[in-house]
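Heads up, the thing below is written out as structure tokens.
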2 protein chains.
Amino acid sequence: MAKQTSYTMRDVARLAGVSISTVSAVVNNKGIVGPELTAVVQKAIAAMHFSPHAGARGLRTGRTHMLGLVVQDITNPFFVEALRGVEDQAIEHGYEVLVCNSNDQSDLELRHLDALHTKRVDGILLAPTDSYAVRETLGRDRAPIVFIDCIPMKAKVNCVVTDNFDACYNGVRYLIELGHQRIAVICGRLTHSTSIDRVEGCRKAVQESNLVIREEHLRQGDSHIESGYRIGHSLLQSSDPPTAIFTLNNRMALGILRALTELKIPCPSRVSVMSFDDADWAEVVSPSLTTIAQPTYEMGTAAVDLLLRSIGPGPEQSELKPQQILLKSTLRIRGSTGPVSKS
Amino acid sequence: MAKQTSYTMRDVARLAGVSISTVSAVVNNKGIVGPELTAVVQKAIAAMHFSPHAGARGLRTGRTHMLGLVVQDITNPFFVEALRGVEDQAIEHGYEVLVCNSNDQSDLELRHLDALHTKRVDGILLAPTDSYAVRETLGRDRAPIVFIDCIPMKAKVNCVVTDNFDACYNGVRYLIELGHQRIAVICGRLTHSTSIDRVEGCRKAVQESNLVIREEHLRQGDSHIESGYRIGHSLLQSSDPPTAIFTLNNRMALGILRALTELKIPCPSRVSVMSFDDADWAEVVSPSLTTIAQPTYEMGTAAVDLLLRSIGPGPEQSELKPQQILLKSTLRIRGSTGPVSKS
DNA sequence: AACAGCTTTCGAAACGTTATGATGTCAACC
DNA sequence: GGTTGACATCATAACGTTTCGAAAGCTGTT
């Protein structure tokens, strides 16, 4: 018959004929229990399939060994890859990860943050949907936070991000070297530092060559295929279409590609396409997609490292100064970009 | 100065000038506290940003309001989509989800399962890597489990799966109707009920038309692009290549597509390609990919519903009989499949 | 006046751990 | 032979909730 409830240390202690404290000491490898007693206790533990109650332990120690990860959109492979990094690094250090998808809704994000606080996670990794909303809760005596992918405006906080400015600067320079002068940029929401920095990077490269990004060539999308498709159509059918399109997110690039096929515009001979974020299909899609690849997995692991450092070993809220870790991206040149067509 | 630790009900009680039990009653909306006192307490709660300590609560009530989700491979968009369903449905019912990626390693899977038990999650959703290994721990007095995507061999358990047999039967029938006679099938690991059922479905359709799947046309892959690519190469360069390739996983289809482009074999005019699992890129890739789409998100929500039902309202392990929920898939015909070439 | 039956509030005992200080044992030292 | 210290074990008090039964304050009935 199935037991209603698991065994406790009390049960183990009784079976082993020792005190509860001794069991506890064995479970936690304190190394202060004699070898023969240790063996007896371990046998009892094994026999009962005892496993300590993390809740009770957390109540006592103030540590839950759980980390919270809140992402804007788990549908985006970028965040999945980051999640992998986070999880691997977390379990490496004996932590579990509570994953929350805020689905691009700022209210849901706040609800998740509250829930994580209630669960008393030891730390939070946050790719914010709405950095303004989040900042308000920041001051409270909550778990330390590390931001990923995005720096909440002006705030001095721990974060791990790509060098977005640099990456875009280099990407656009590459396009310019191919001879492109009319470059369109499709960005994400401009409330995000991520988008802002990327656009700035593009601007810098363009300005250095005495070019500009025309007003009508800077578009804002929502990071889904559809929006790329829509914007692609509009861009390509305009009176003076760009010769290169730079998408700041790879799913939008898929939309562009679809628009191109539909309109029978050859790529890259007529229009080049380049995209932020690599993907496993980038190589396979036709034409294969030139991308700027972020070290996404490493972003996850680095964020956990930083977080764990700021959690510290004991319950003391060690006040280290906030760190911003900048990761380098790499340009992966493939088939979708080429020299500008002589028209 | 930041507090070391959050406020407790004791603090709230003191501030509101009431007893702890009263605070508890208010927090839990027991509806037994007078209106004016309720207001006072709520004010105190708000003022202190009090949030109850879930660990302590769980210790007392035996419920943690956490669900564990263990998947083989979070890299696979299929599981991400299921995860979305799980999460949405979970928070809908006031649960959080602890996500674990077992990375196709059975030992890691068991470690996750142990960790979840230690955390005393109220229930577990499991897409098993190794259903044999898992079954051993099953009997113990642990949280109820619902399997997703895969039925652990012969065991009578709760699960939510696609009607894999049926889906493949229909898919292959469609290929046969197009005139294909030499159909290759690339399956996943045959220790999985999923793979087995799918292959059986293919076999049935083929046999009904007095055809066979040749030995050398039934290959086993590992669900990653590379393996599709490798197998594709080998299949296409064999002396008597198939006219249609059916991949039981969509990333392998990407590999096939790459092999086709590389070998300059036109699709679908020379070889048709069909794949299990839909993807957002399926429409965009060229040729667009014919797929069998599983209702993945619904698989997640249905699994949570089933799990929550078997958790029941109280701590009593309600012994409902195990249910197997079968979901229907749909065939999405696109550009990668066509009539067999007259050779 | 005494009591019964409500309703509202409270006190105290769990829940399963860990940590601290106390107790007991034994060997070694003067 | 006592004192010291080192070591191994234990009893007990937290940790922050929920829950149960008791207490207190009413209203209405006998």
Side-chain angles (χ1 to χ4, degrees), chain A residues 3-42 44-45 48-66 117-120 122 141 313-315, chain B residues 3-42 44-45 48-66 117-120 122 141 313-315:
Chain A
K3 298 281 176 312
Q4 302 281 86
T5 161
S6 300
Y7 290 108
T8 76
M9 283 193 171
R10 216 215 206 17
D11 302 316
V12 176
R14 189 148 32 217
L15 178 62
V18 299
S19 79
I20 298 184
S21 344
T22 305
V23 176
S24 172
V26 170
V27 168
N28 296 54
N29 289 315
K30 290 265 189 244
I32 59 168
V33 178
E36 58 292 324
L37 249 202
T38 301
V40 171
V41 172
Q42 276 168 345
I45 288 175
M48 307 177 108
H49 293 126
F50 166 78
S51 93
H53 188 296
R57 177 180 282 181
L59 178 57
R60 188 58 237 255
T61 61
R63 300 255 86 113
T64 57
H65 284 265
M66 292 194 296
H117 177 54
T118 279
K119 292 279 191 295
R120 297 294 191 277
D122 292 338
D141 56 350
Chain B
K3 299 279 176 313
Q4 303 282 84
T5 163
S6 300
Y7 289 109
T8 76
M9 282 193 171
R10 213 219 211 12
D11 302 316
V12 176
R14 189 150 29 218
L15 178 62
V18 300
S19 79
I20 298 184
S21 345
T22 305
V23 176
S24 173
V26 170
V27 168
N28 295 55
N29 290 315
K30 290 263 187 248
I32 59 170
V33 178
E36 56 294 323
L37 248 203
T38 301
V40 172
V41 172
Q42 276 169 342
I45 288 176
M48 308 178 106
H49 293 126
F50 167 78
S51 94
H53 187 298
R57 179 180 281 181
L59 177 58
R60 187 58 237 254
T61 62
R63 300 255 88 112
T64 57
H65 284 265
M66 292 194 294
H117 176 54
T118 279
K119 292 280 192 293
R120 296 296 190 277
D122 292 338
D141 55 351

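Quick caveat: nothing in here was measured; it's all calculated off a predicted structure. In what follows, chains are A, B, ... by sequence order, proteins preceding strands, each numbered from 1.
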Practice prompt. Answer yes or no: does a side-chain N or O of Arg60(B) lie under 4.0 Å from OP1 or OP2 of dA14(C)?
Written response: no

Practice prompt. Can you tell me the distance, in whole Å, between the CG atom of Leu59(A) and the P atom of dA14(D)?
Written response: 13 Å

Worksheet item: Does His53(A) or Gly34(B) map to a spot on DNA chain C nearer the 5' end, using the closest nucleotide for each?
Response: Gly34(B)

Practice prompt. Write down the distance between NE2 (His117(A)) and P (dG16(D)), rounded to a whole number of angstrom.
Written response: 12 Å

Fill in: Distance, rounded to the nearest Å, where Arg63(A) contributes CZ and dG16(C) contributes C1'
20 Å

Worksheet item: Which is true for Ser24(B) with a 4.0 Å heavy-atom rule: it touches a base, it touches only sugar-phosphate, or it touches nothing?
Response: base

Fill in: Length of the line joining Ile20(B):CD1 and dC20(D):C1', which is rounded to integer Å
16 Å

Practice prompt. Using the closest heavy atom to pick a nucleotide of DNA chain C for each, name whichever of Arg120(B) or Leu37(B) lands nearer the 5' end.
Written response: Leu37(B)

Worksheet item: Quick one: which of Leu37(A), Val26(A), Val33(A) gives a side-chain contact (heavy atoms from CB on, under 4.5 Å) with Val18(A)?
Response: Leu37(A)

Practice prompt. Examine the side chains of Thr118(A) and Arg57(B) and answer whether a donor and an acceptor come within less than 3.5 Å of each other.
Written response: no

Worksheet item: Can you find a donor-acceptor N/O pair under 3.5 angstrom joining the side chain of Ser21(B) to the base of dG11(C)?
Response: yes

Discussion item. Among dT19(D), dG16(C), dT17(D), which nucleotide has an atom closest to any side-chain atom of Ala56(B)?
Written reply: dT17(D)

Item to complete: Compare the minimum distances between each of dC10(D), dT19(D), dG16(C) and the side chain of Val18(A), then state the nucleotide with the smallest one.
Response: dC10(D)

Worksheet item: When you check the phosphate oxygens OP1 and OP2 of dA19(C), does a side-chain N or O of Lys30(A) lie under 4.0 Å from one of them?
Response: yes

Worksheet item: Among Val12(A), Val41(A), Leu15(A), Asp11(A), which residue meets the side-chain contact (heavy atoms from CB on, under 4.5 Å) test with Phe50(A)?
Response: Val12(A)

Worksheet item: Under 3.5 Å, is there a donor-acceptor pair between the Arg14(B) and Thr8(B) side chains?
Response: no

Discussion item. Between C1' on dG16(D) and CZ on Arg57(A), what's the gap in Å once rounded to a whole number?
Written reply: 18 Å

Discussion item. If I take atom CD1 in residue Ile32(B) and atom P in nucleotide dG21(D), what distance separates them, rounded to the nearest angstrom?
Written reply: 14 Å

Fill in: Arg10(A) CZ - dC10(D) C1' separation (whole Å)
15 Å

Discussion item. Please classify the nucleic acid contact of Val27(B) as base, sugar-phosphate, or nothing, using heavy-atom distances under 4.0 Å.
Written reply: nothing

Worksheet item: Nearest to the side chain of Thr8(A) - dT18(D), dT18(C), dG16(C)?
Response: dG16(C)

Worksheet entry | Nearest listed nucleotide, side chain of Thr61(A), among dT9(D), dT18(C), dT9(C) | dT18(C)

Worksheet item: What integer distance in Å separates Tyr7(A):OH from dT17(C):C1'?
Response: 19 Å

Practice prompt. Would you check if there is a donor-acceptor pair between the side chains of Ser19(A) and Thr22(A) at a distance under 3.5 Å?
Written response: yes

Discussion item. From C-beta outward on Thr22(A), which listed nucleotide comes closest to its side chain: dT19(D), dT9(D), dT17(C)?
Written reply: dT9(D)

